[in-house]
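Before any comments, here is the structure.
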Amino acid sequence: MFKNIVLAVDGSEFSHRAIQYAKSLAERYEANLWLIHVFSHTSDLLGYQDYEKLYAKRKSKGQSVLNDAQKILGSTTFKVYQELLEGSEADAILMIAEKQQADLIVMGTRGFGAVKGLLVGSVSRKVIHLSTCPVMVVH
């Protein structure tokens, strides 16, 4: 049923829960898992004296999120690919899903945010509305 699963991680508790769901599905269907993390554009840092250091810090933190997710996944019976991207989170997730012909996108949600009763964050909401494949949002 699933051949390619995109798992978007951000290091949050909900993201860690999403890892377990994605792992279970990838094992069951022997699917490829595309583990991705997106860090925000660094263009907002242009002009700062320490631009290179700030960019490197964001990129390093993003790689740490991927490394932690890989540790949580542990050993697997399926292929895991990593993608560290810079840009708009939702747009990057959707781009990878399209590029890899994803059958499913798995991601965590922020849960209750500033607005009482809000169940999904803005990134999750955009992915849900614009994705051409099913999206599993883990709370």
Side-chain angles (χ1 to χ4, degrees):
M1 179 175 212
F2 299 116
K3 293 180 183 177
N4 292 300
I5 299 172
V6 169
L7 170 59
V9 295
D10 64 5
S12 69
E13 176 187 342
F14 297 116
S15 177
H16 292 169
R17 291 179 191 169
I19 292 169
Q20 298 306 319
Y21 279 94
K23 180 178 182 176
S24 176
L25 290 168
E27 284 175 342
R28 180 174 182 178
Y29 295 103
E30 299 176 3
N32 295 316
L33 184 67
W34 298 89
L35 180 61
I36 68 167
H37 175 73
V38 184
F39 62 96
S40 55
H41 280 292
T42 54
S43 61
D44 62 332
L45 303 175
L46 287 174
Y48 282 91
Q49 184 177 7
D50 293 332
Y51 171 78
E52 293 298 325
K53 288 180 186 176
L54 295 169
Y55 172 78
K57 186 175 181 179
R58 282 189 184 181
K59 189 172 182 178
S60 176
K61 184 177 178 185
Q63 188 60 55
S64 291
V65 169
L66 284 175
N67 293 343
D68 290 345
Q70 187 73 51
K71 286 178 189 171
I72 292 169
L73 276 173
S75 63
T76 62
T77 58
F78 51 87
K79 290 184 181 180
V80 178
Y81 302 93
Q82 286 190 13
E83 293 270 355
L84 177 60
L85 304 164
E86 174 189 13
S88 162
E89 291 90 346
D91 292 339
I93 293 165
L94 292 165
M95 185 263 309
I96 290 295
E98 183 178 334
K99 180 180 170 185
Q100 301 308 332
Q101 298 178 330
D103 304 298
L104 178 68
I105 298 170
V106 181
M107 59 193 307
T109 181
R110 281 187 278 178
F112 294 98
V115 179
K116 204 91 165 146
L118 182 65
L119 293 176
V120 294
S122 59
V123 173
S124 301
R125 183 185 327 269
K126 185 173 181 179
V127 171
I128 289 166
H129 288 297
L130 297 178
S131 177
T132 57
C133 69
V135 179
M136 175 187 284
V137 180
V138 180
H139 182 71

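For the single chain, residues carry numbers from 1 onward in sequence order. Keep in mind that the numbers below use all heavy atoms, side chains included, and drop hydrogens, waters and symmetry copies.
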* Asked: Of all heavy-atom pairs between G87 and V38, which one has the smallest distance, and what is that distance?
  -> O-CG1, 3.5 Å
* With sequence neighbours left out, write down each residue that passes side-chain contact (heavy atoms from CB on, under 4.5 Å) with E30, or none if nothing qualifies. => none
* CD (Q63) with more than 12 external heavy atoms under 6.0 Å -> yes
* Is the closest side-chain heavy-atom distance between L73 and L33 below 4.5 Å? -> yes
* Taking side chain as C-beta onward, heavy atoms only, is C133 less than 4.5 Å from D103? -> no
* Report the residues that fulfil salt bridge (Lys or Arg N to Asp or Glu O under 4.0 Å) with K23, sequence neighbours left out, ordered by chain and then residue number. => none
* **Interatomic spacing from CG in L94 to OG in S88 - rounded to 0.5 Å** => 8.5 Å
* Structure fact -> The reported gap from NZ in K126 to OG in S122 (rounded to nearest 0.5 angstrom) is 9.0 Å
* From I5 CD1 over to I105 CD1, what is the distance, rounded to the nearest 0.5 angstrom? -> 11.5 Å
* To do: Could you grab the distance from atom CG of L35 to atom CD1 of I96, nearest 0.5 Å is fine?
  => 11.5 Å
* Spacing of CD belonging to E83 relative to CD1 belonging to I93, to within rounding of 0.5 Å -> 12.5 Å
* Do any pairs count as a side-chain hydrogen bond (donor to acceptor under 3.5 Å, both in side chains) and have a residue in residues 128-137, sequence neighbours left out, and if so which ones? -> none
* A8 versus S15, closest heavy-atom pair with distance -> O-OG, 4.2 Å
* Sequence neighbours excluded, which residues qualify as side chain to side chain donor-acceptor pair (under 3.5 Å) partners of S64? -> none
* Which distance, rounded to the nearest 0.5 Å, do you find between the CE of M107 and the OG1 of T109? -> 8.0 Å
* To do: Tell me, please, which residues at least two apart from F78 pass ring-ring contact (aromatic ring centres under 6.0 Å, His included).
  => none
* Give the C-alpha distance, both sets of side-chain angles, the deciding distance and a yes or no for side-chain contact (heavy atoms from CB on, under 4.5 Å) between I72 and Q20. => CA-CA 8 Å; I72 292 169; Q20 298 306 319; 3.1 Å; yes
* To do: With the side chain counted from C-beta on, respond yes when L25 and M136 share a heavy-atom pair under 4.5 Å apart, and no when they do not.
  => yes
* Asked: More than 12 non-hydrogen atoms from neighbouring residues, nucleotides or ligands closer than 6.0 Å to CD on E27, yes or no?
  -> yes
* To do: Report the residues that fulfil ring-ring contact (aromatic ring centres under 6.0 Å, His included) with F2, sequence neighbours left out, ordered by chain and then residue number.
  => Y29
* Asked: Quick one: side chain to side chain donor-acceptor pair (under 3.5 Å) partners of T76, sequence neighbours excluded?
  -> none
* Asked: Residues two or more places apart in sequence or in another chain: which of them pass side chain to side chain donor-acceptor pair (under 3.5 Å) with D68?
  -> none
* Residues in side chain to side chain donor-acceptor pair (under 3.5 Å) contact with N32, at least two apart in sequence or another chain -> N4
* What ring pair (Phe, Tyr, Trp, His ring centres under 6.0 Å) pairs are there with at least one residue in residues 82-104, not counting sequence neighbours? -> none
* To do: Can you sort out the partners of R17 under side-chain contact (heavy atoms from CB on, under 4.5 Å), two or more places apart, ordered by chain and number?
  => E13, F14, V138
* Could you pull out all residues at least two apart from F39 that satisfy side-chain contact (heavy atoms from CB on, under 4.5 Å)? => H37, T42, Y55, R58, K59, L84, E86
